[in-house]
Structure formats: structure tokens, C-alpha cells
Protein chains: 2
Amino acid sequence: MPRDHEDPGLDSVDRHILAELQADGRMTNVELARRVNLSAPPCLRRVRRLEEAGVIRGYHADIDPVALGWEITFFALVGLESQKQAVLDAFESLATSWSEVRECHMIRGGGDFLLRLVARDTAHENELTSRLTGAPSVMRVQTLQTIRTAKDVAGVPIG
Amino acid sequence: MPRDHEDPGLDSVDRHILAELQADGRMTNVELARRVNLSAPPCLRRVRRLEEAGVIRGYHADIDPVALGWEITFFALVGLESQKQAVLDAFESLATSWSEVRECHMIRGGGDFLLRLVARDTAHENELTSRLTGAPSVMRVQTLQTIRTAKDVAGVPIG
DNA sequence: TGGCCGGGCGCAATATCATTGCACGTTCCT
DNA sequence: AGGAACGTGCAATGATATTGCGCCCGGCCA
């Protein structure tokens with residue numbers, strides 16, 4: 001009986017821990033233990049186990065992009081003129097090498113990528129769009145500029 | 001003299017702190033202080049200041065969706081049949097109320113939204129797509145299913 | 001049924017860390 | 001030069017993280 005993605009057998013306490021740490025990744029272990037009704041040592045052991053199993057991939061501070069001068073967040077839907085592996089790989093290498101590209105997803109259907117980017121201002125955004133349009137094998141670039149984000153929740157539902 | 005986004009005057013040490021906490025949000029303060037060449041107390045005071053200024057919005061554990069049974073992550077580009085505020089608001093309320101919707105961005109140009117969703121399996125994905133298609137005022141739904149994520153970096157470039 | 005594991009828990013002890021008060025140095029402005 | 005504002009480092013105290021260990025419960029086998 002094959003299991004794709006190792007099932008660490010998460011019980012309800014584990015899920016509770018994950019929900020708490022997803023909401024506040026810097027919570028002390030003592031506080032976490034209190035919330036999940038455990039004493040500190042077994043709580044910490046569970047957290048370590050979840051980290052080692054890869055269920056918890058890391059912890060990140062959530063930083064306001066605007067405070068660092070990244071005024072614009074936008075998405076770009078990029079169509080390539082070929083679906084050949086070499087072309088896809090080349091575009092991926094290019095896109096992932098730009099620091100302004102924060103996400104790069106290959107989209108089902110072939111030849112399309114969805115990117116999330118940040119830019120300092122509209123001039124910078126235009127420059128990035130131009131660089132995309134002018135990149136090898138790029139046939140089409142549709143920018144999707146975010147004007148309002150109604151919801152942006154870290155992670156996944158737990159329950 | 002109003003200032004939209006309070007400028008806390010981030011110096012290079014602050015940026016260094018942000019970069020470290022963005023990469024590892026659970027780092028101890030002494031380790032952080034060591035990395036930015038400061039002693040622990042002033043380092044902690046800077047972190048607190050960044051938190052209170054809203055530059056650091058929070059900390060989150062990064063959890064593997066697959067480990068919790070969310071096998072599929074996809075995006076949906078939703079077109080509404082009207083750009084009237086009431087229609088936009090209604091769709092936003094609906095979309096943000098679904099736990100499977102993790103991001104909901106209104107896109108420039110009017111009447112469009114980009115959503116990021118998670119689903120347990122393809123049946124669930126189809127159900128979500130149907131629910132979107134059948135939602136009031138929804139004219140068009142284009143699903144963008146991620147088949148490979150080449151890059152997904154938390155936060156923003158710092159430097 | 002009775003005894004043997006194995007896993008997971010809590011307690012207690014110790015090492016580390018967070019947090020505060022305080023004094024010193026530097027910068028800038030007068 | 002004098003001094004105020006700011007930020008630093010040191011030192012002390014209170015919390016927290018981490019480890020070792022003994023106990024309890026539940027499954028398993030004789």
C-alpha cells in the first residue's frame with residue numbers, strides 16, 4: 001500500500017498546534033502548550049516532529065511590502081510560443097532569477113506561467129512588463145494589477 | 001502633514017533584521033542579534049519597534065498543504081457581468097467567506113478577481129469551480145491550475 | 001487473565017533566552 | 001563648549017527551552 005506523501009498521522013492535537021503556529025509563528029512554546037492543553041515538553045516534541053516531517057516547512061515574518069518601498073504587487077500571465085521542455089525550463093530559469101518575481105507557477109494547459117511580482121512604482125512595473133514581453137519565446141503577457149486585496153490568508157485551512 | 005504609510009526610517013540594520021526574520025521567523029533574539037552585529041537588548045527593541053510600526057505584520061508557520069490533505073492549489077480568474085460597487089462587494093463577501101479561498105484580489109480593469117484556492121482533490125476542485133461559476137453575477141471563470149511551482153518566496157526583496 | 005512492551009505524558013532540573021533598568025558614548029543643534 | 005536626544009552595551013532578573021527520567025495507559029501475546 002503506497003503512500004505518496006508520507007502520512008505522519010496527524011491527530012487533533014497536531015492540527016491544533018499547526019493552526020496556532022500558522023496564526024502566530026512566534027508564540028512561545030509555553031503559550032502554545034497551554035492552548036493545546038499539553039505541558040511544554042510534549043508540546044515541543046510534537047512541534048519538532050512536525051518540523052522534521054516537513055509538515056512545518058519554516059517560519060516567516062510577514063512584512064509590509066509598502067514599508068520597504070514595494071508600492072505595487074501584480075500578477076502576470078505569460079504565454080510562451082512553445083511547450084518544449086527546453087523553452088519552459090529557460091523561461092523558468094529567467095523568471096526565478098529576478099528578485100521581483102516572488103512566485104512562478106507553471107499552469108496546466110502548457111506554455112503558460114502565472115507570476116507574482118512586486119515593483120517600486122509604475123515605471124518599475126512597466127520596465128518589468130517590458131522585460132517579460134521581450135524575453136525569449138514569450139508570446140504574450142497579460143498583467144493583472146491588484147487594486148485591492150480582500151483576503152490574503154497565510155497557509156491553508158486547518159480543521 | 002499627513003503621511004499615508006508612516007515612514008519609520010529604516011536603516012540598514014533594520015533591513016538586515018527584516019531579511020533574517022523573513023527567512024526564519026522563529027530565530028531567537030540572541031541569534032538574530034549576533035547576525036546583525038548588535039547585542040540582544042537593542043536588537044529586541046528594534047524588532048518591537050518594527051512590529052509596532054506595522055512593518056512586521058506578524059509571523060506564520062509555513063505548512064505543507066499536501067500534508068493536511070490539500071492536494072491541489074489553483075488560481076481562478078473570475079469575470080463579473082457588472083462593475084457596480086454593489087456587485088463587486090457581493091462577490092467579495094462571498095469569495096472571502098469560503099475557507100478554500102486563500103487570496104482574493106480585485107484586478108485593475110474592473111469586474112475581475114484573481115483568487116487562489118486549495119482543494120482536497122479534483123472532485124473538490126470541480127465543485128469549487130462550479131460554485132464560482134454559479135455565483136451571482138459571475139460571467140466567466142478561468143481556472144489556472146498549478147502543475148509546478150518553480151518559485152514561491154515569502155515576502156519581498158530586502159536590500 | 002496477567003505480564004510485557006512501546007508510546008506518550010508530566011515533573012523536575014538546568015541551560016538559554018527575553019526583558020528591564022541604568023550608565024556611557026555619539027551626534028547634532030544651539 | 002554645553003546639552004538634549006538617541007541608541008548602544010552591561011548586568012540583573014524573570015521566563016522559556018530543553019533534557020532526563022519515571023509513570024500511566026493501551027495493545028499484544030502467552
Side-chain angles (χ1 to χ4, degrees), chain A residues 1-3 5-64 67-69 154-155 158-159, chain B residues 1-3 5-64 67-69 154-155 158-159:
Chain A
M1 169 188 148
R3 277 180 303 183
H5 277 273
E6 188 55 33
D7 186 333
L10 303 180
D11 65 14
S12 72
V13 177
D14 288 325
R15 276 194 286 274
H16 195 170
I17 287 175
L18 292 173
E20 294 290 346
L21 287 179
Q22 182 169 273
D24 178 4
R26 269 213 129 182
M27 188 181 299
T28 67
N29 182 59
V30 172
E31 172 64 12
L32 179 61
R34 193 186 62 71
R35 294 195 188 199
V36 302
N37 295 314
L38 228 53
S39 63
C43 183
L44 185 63
R45 282 191 289 260
R46 279 169 179 266
V47 171
R48 292 283 178 268
R49 188 163 54 78
L50 291 167
E51 289 168 352
E52 276 155 32
V55 177
I56 297 176
R57 297 188 291 203
Y59 302 88
H60 305 287
D62 173 19
I63 295 171
D64 180 9
L68 273 93
I158 299 175
Chain B
M1 167 188 153
R3 276 180 302 185
H5 277 273
E6 189 57 34
D7 185 336
L10 303 180
D11 65 15
S12 71
V13 177
D14 288 325
R15 275 193 288 273
H16 195 169
I17 287 174
L18 292 173
E20 294 291 346
L21 287 179
Q22 183 168 273
D24 178 5
R26 269 211 130 185
M27 188 180 299
T28 66
N29 183 60
V30 280
E31 172 64 12
L32 179 61
R34 194 186 61 71
R35 295 195 188 198
V36 303
N37 296 315
L38 231 54
S39 64
C43 183
L44 185 63
R45 282 191 288 262
R46 279 170 180 265
V47 171
R48 291 283 178 268
R49 189 161 51 79
L50 291 167
E51 289 169 352
E52 276 155 29
V55 177
I56 297 176
R57 296 187 292 203
Y59 303 87
H60 304 286
D62 172 20
I63 294 170
D64 179 10
L68 274 99
I158 299 175

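Reminder, nothing fancy here: chain letters follow the sequence lines and each chain counts from 1.
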### Stepwise side-chain contact (heavy atoms from CB on, under 4.5 Å) check, B/L32 with B/I17
CA-CA 7 Å; B/L32 179 61; B/I17 287 174; 4.0 Å; yes

### Query
Taking for each residue the nucleotide of DNA chain C bearing the nearest heavy atom, is the 5' side occupied by A/D11 or by B/E31?
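Upstream on the strand: A/D11.
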
### Task
Determine, stepwise, if the pair A/E52 / A/R49 fulfils salt bridge (Lys or Arg N to Asp or Glu O under 4.0 Å).
CA-CA 5 Å; A/E52 276 155 32; A/R49 188 163 54 78; over 6 Å; no

### Query
Between A/D24 and A/R35, is there a salt bridge with N-O shorter than 4.0 Å?
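A/D24 and A/R35: not salt-bridged.
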
### 5'-most by nearest nucleotide on DNA chain D - A/A40 or B/L38
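Nearest-nucleotide comparison on DNA chain D picks B/L38.
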
To the nearest Å, give me how far apart [atom1] ([X]) and [atom2] ([N]) are.
| X | N | atom1 | atom2 | result |
| --- | --- | --- | --- | --- |
| A/R35 | D/dT16 | CZ | P | 13 Å |
| B/M27 | C/dA18 | CE | C1' | 16 Å |
| B/L32 | C/dT19 | CG | P | 13 Å |
| B/E51 | C/dA18 | CD | P | 12 Å |
| B/D14 | D/dC6 | CG | P | 15 Å |
| A/R49 | C/dC9 | CZ | P | 8 Å |
| A/I17 | C/dC9 | CD1 | C1' | 13 Å |
| B/R34 | C/dA18 | CZ | P | 13 Å |

Candidate nucleotides [options], ranked by approach to the side chain of [X] - the nearest:
| X | options | answer |
| --- | --- | --- |
| B/V30 | C/dC17, D/dG7, C/dT19 | C/dC17 |
| B/R48 | C/dC17, C/dT19, D/dT18 | C/dT19 |
| B/R45 | C/dC9, C/dT20, C/dA18 | C/dT20 |
| A/N29 | C/dT19, D/dA17, C/dG10 | D/dA17 |
| A/P41 | C/dC9, C/dA18, C/dC11 | C/dC11 |

### Task
Give B/S39 one of three labels, base, sugar-phosphate or nothing, depending on what nucleic acid heavy atoms sit under 4.0 Å from its own.
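Base contact.
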
### Query
Counting any heavy atom closer than 4.0 Å, what does B/R26 reach on the DNA or RNA strands: base, sugar-phosphate only, or nothing?
nothing

### Message
With side-chain contact (heavy atoms from CB on, under 4.5 Å) as the criterion, how do B/L18 and B/L50 come out once you've worked through the C-alpha distance, each side chain's angles and the decisive distance to 0.1 Å?
### Response
CA-CA 9 Å; B/L18 292 173; B/L50 291 167; 3.9 Å; yes

### Task
Tell me, with the steps shown, if B/E51 and B/Y59 meet side-chain hydrogen bond (donor to acceptor under 3.5 Å, both in side chains).
CA-CA 10 Å; B/E51 289 169 352; B/Y59 303 87; 2.7 Å; yes

